Amino acid sequence: MYALLDCNSFYCSCERLFRPDLEHRPVVVLSNNDGCVIARSDEAKAAGIGMGTPYFQCRELVREKDVAVFSSNYQLYGDLSMRVMDTVRQLLGPDKIEVYSVDEAFLDFSAIPPDQLEAYARNLRQTVEQWTGIRVSIGVAQTKVLCKVANRLAKKQKAVTGCVMVLDHPEKTQSALEQTEVGETWGVGHQYAEKLRQWGISTAWKLSRMPEEWVKKNLGGVVGQRLFHELNGLPCIEMKDPLENKKMIGTSRMFGRRVFELKDLREAVASYTARAAEKLRRQSSAASVVEVYLVTASEEKFTYHPKKYSASARLSHPSSMTNELIAYTLPLVEALFIQGPRYLKAGVNFSELVPENSTQCNLFETTGKTSGSSCGRKENKKLMAALDNINASQQGEMVRFAASGLERSWKMRQELMSPRYTTKWNELFEVH
DNA sequence: TCTGGGGTCCTAGGACCC
DNA sequence: TCTGGGGTCCTAGGACCC
């Protein structure tokens, strides 16, 4: 058996943790640039604020219902997420947890006796709340997809379930699937949901009763087939190895104001390159290919039709050094840039990642941009390590490349940010 | 005026090979 | 009129997730 542990309205719960006065007030958290609503407390949902609604569209409602609004504070959420995951690790064992996202983890419950599943899950839920202050819901079932179903209902019917649902009998599973709209099923997005509804398949239960071949043919081949088996209690999606590295690493941002100039784009791309390179080094990878893309606003008025332009380059040897990577990404921005359109966003992607220590130097290349022996890269590596160290301990871009600019007026807006209570000395929670 | 960021996996189709 | 069969590799793009 598996379990899915999911924090309730995670970002809102984090904001409330240090603001008990918000306990019964509606709370929402906005995306970067204070663009859309990406997290809502139950009260905010009840007030009619939809997921993903642009902030400017619900300002009225926010005022009317006295909603507390926050910019996203990822340092705070990241730190509290770690506390939750560590708690679970401590109770269940380090190899029994797969952290799936900042607020979710799949748990391996195979060692727990069938008659104790429910009690175990309830105890776990209770302990996490007690130790971290974060409320979680737990769904237990034979497969990951069924855990998702269980978890969703556990949360939706809090009063009845106490945030825990165990699907350990076929009748329970059937009933849960019947209560799950097909579009709410994990793995069924907008497109498939629409298609399925046209066929009269309205619930997860109906989908699970279709012929396997039909599902395979109409729901993306093997992906659909897997979903079908999972719905029928046959596990196809295993626990993932936590040590697995990412295959692609990127950084992108919408701009905080109107951008037309090459100078701003260069600075932004240099910044994103630096940020993505940091992520590369954190998992000890080096990139073989870099891609830069720019997104422009469309010419058509009143509609939102962004257009993406991208260009890529292969490195002479895989690298994770910020200065080397910037030397590839900046020429790409320059090649892509055209005078005229307004730019909304830029991004950098690194792919074909290889382990950092296995990278080969290019035999025909001179010793590189910095002085020194053996590819001239040892010093460079030390420099990057020092840079990462300083920036990690200071929680920000304390030291950065000049190419990323000084003024940086294109940076995103975050006007409603709460203090980083748990990770910054000068923003600690104070008791008077 | 104002719409996020970071990923994964899979398929189709073209180019190329013998 | 009639034009093979089997395979690999790569890329672009679709669909999904939180």
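Everything numeric in this text was worked out from a predicted model, so none of it was measured. In what follows, chains are A, B, ... by sequence order, proteins preceding strands, each numbered from 1.
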Would you classify [X] as touching base, sugar-phosphate or nothing, given that sugar-phosphate means primed atoms plus P, OP1 and OP2, and contacts are heavy atoms under 4.0 Å?
X         : answer
Leu30(A)  : nothing
Lys308(A) : nothing
Tyr100(A) : sugar-phosphate
Thr251(A) : sugar-phosphate
Arg257(A) : nothing
Lys195(A) : nothing
Asn32(A)  : sugar-phosphate

Partners of [X] by side chain to side chain contact (heavy atoms under 4.5 Å, CB included), sequence neighbours excluded?
X         : answer
Arg135(A) : Asn8(A), Glu23(A), Glu129(A)
Glu334(A) : Leu262(A), Arg266(A)
Met398(A) : Ile390(A), Asn391(A), Gln394(A)

Expressed in angstrom and rounded to an integer, what is the separation of [X] atom [atom1] from [N] atom [atom2]?
X         : N      : atom1 : atom2 : result
Asp34(A)  : dT3(B) : CG    : C1'   : 12 Å
Ile249(A) : dG6(B) : CD1   : P     : 11 Å
Tyr293(A) : dG5(B) : OH    : C1'   : 8 Å
Glu278(A) : dG5(B) : CD    : P     : 17 Å
Lys246(A) : dC9(B) : NZ    : C1'   : 15 Å
Asn349(A) : dG7(B) : CG    : C1'   : 10 Å
Gln225(A) : dC9(B) : CD    : C1'   : 15 Å
Arg59(A)  : dT3(B) : CZ    : C1'   : 13 Å

Can you list everything that forms a salt bridge (charged side-chain N to carboxylate O under 4.0 Å, His left out) with [X]? Sequence neighbours excluded, please.
X         : answer
Asp95(A)  : none
Lys96(A)  : none
Arg59(A)  : none
Glu238(A) : none

Of the listed nucleotides dG4(B), dG5(B), dC2(B), the one nearest the side chain of Arg253(A): dG5(B)
Residues forming a side-chain hydrogen bond (donor to acceptor under 3.5 Å, both in side chains) with Arg122(A), sequence neighbours excluded: Glu118(A)
Qualifying side-chain hydrogen bond (donor to acceptor under 3.5 Å, both in side chains) pairs, either residue in residues 186-197 of chain A, two or more places apart: Glu194(A)-Gln198(A)
Phosphate-side-chain proximity, Ser252(A) and dG4(B), N/O vs OP1/OP2 below 4.0 Å: no
Secondary-structure string, 5' to 3', Watson-Crick or G-U under 3.5 Å, | for another-strand partners, for DNA chain B: ....||||||||||||||
Interface with DNA chain C, restricted to residues 103-110 of chain A and to heavy atoms under 4.0 Å: Asp103(A), Glu104(A)
Other residues, nucleotides, ligands: >12 heavy atoms within 6.0 Å of Trp214(A) CH2: yes
CD (Gln57(A)) with more than 12 external heavy atoms under 6.0 Å: yes
Ser320(A) and Glu356(A): CA distance, side-chain angles, deciding distance, side chain to side chain donor-acceptor pair (under 3.5 Å) verdict: CA-CA 7 Å; Ser320(A) 63; Glu356(A) 195 172 26; 2.7 Å; yes
Taking N or O atoms only and anything under 3.5 Å, show me the protein contacts with nucleotides 11-16 of chain C, one pair per line.
unit_1: dC16(C); atom_1: OP1; unit_2: Gly189(A); atom_2: N; d: 2.9
unit_1: dC16(C); atom_1: OP1; unit_2: Gly189(A); atom_2: O; d: 3.4
unit_1: dC16(C); atom_1: OP1; unit_2: Tyr192(A); atom_2: N; d: 3.0
unit_1: dC16(C); atom_1: OP2; unit_2: Gln191(A); atom_2: N; d: 3.3
unit_1: dC16(C); atom_1: O5'; unit_2: Gly189(A); atom_2: N; d: 3.4

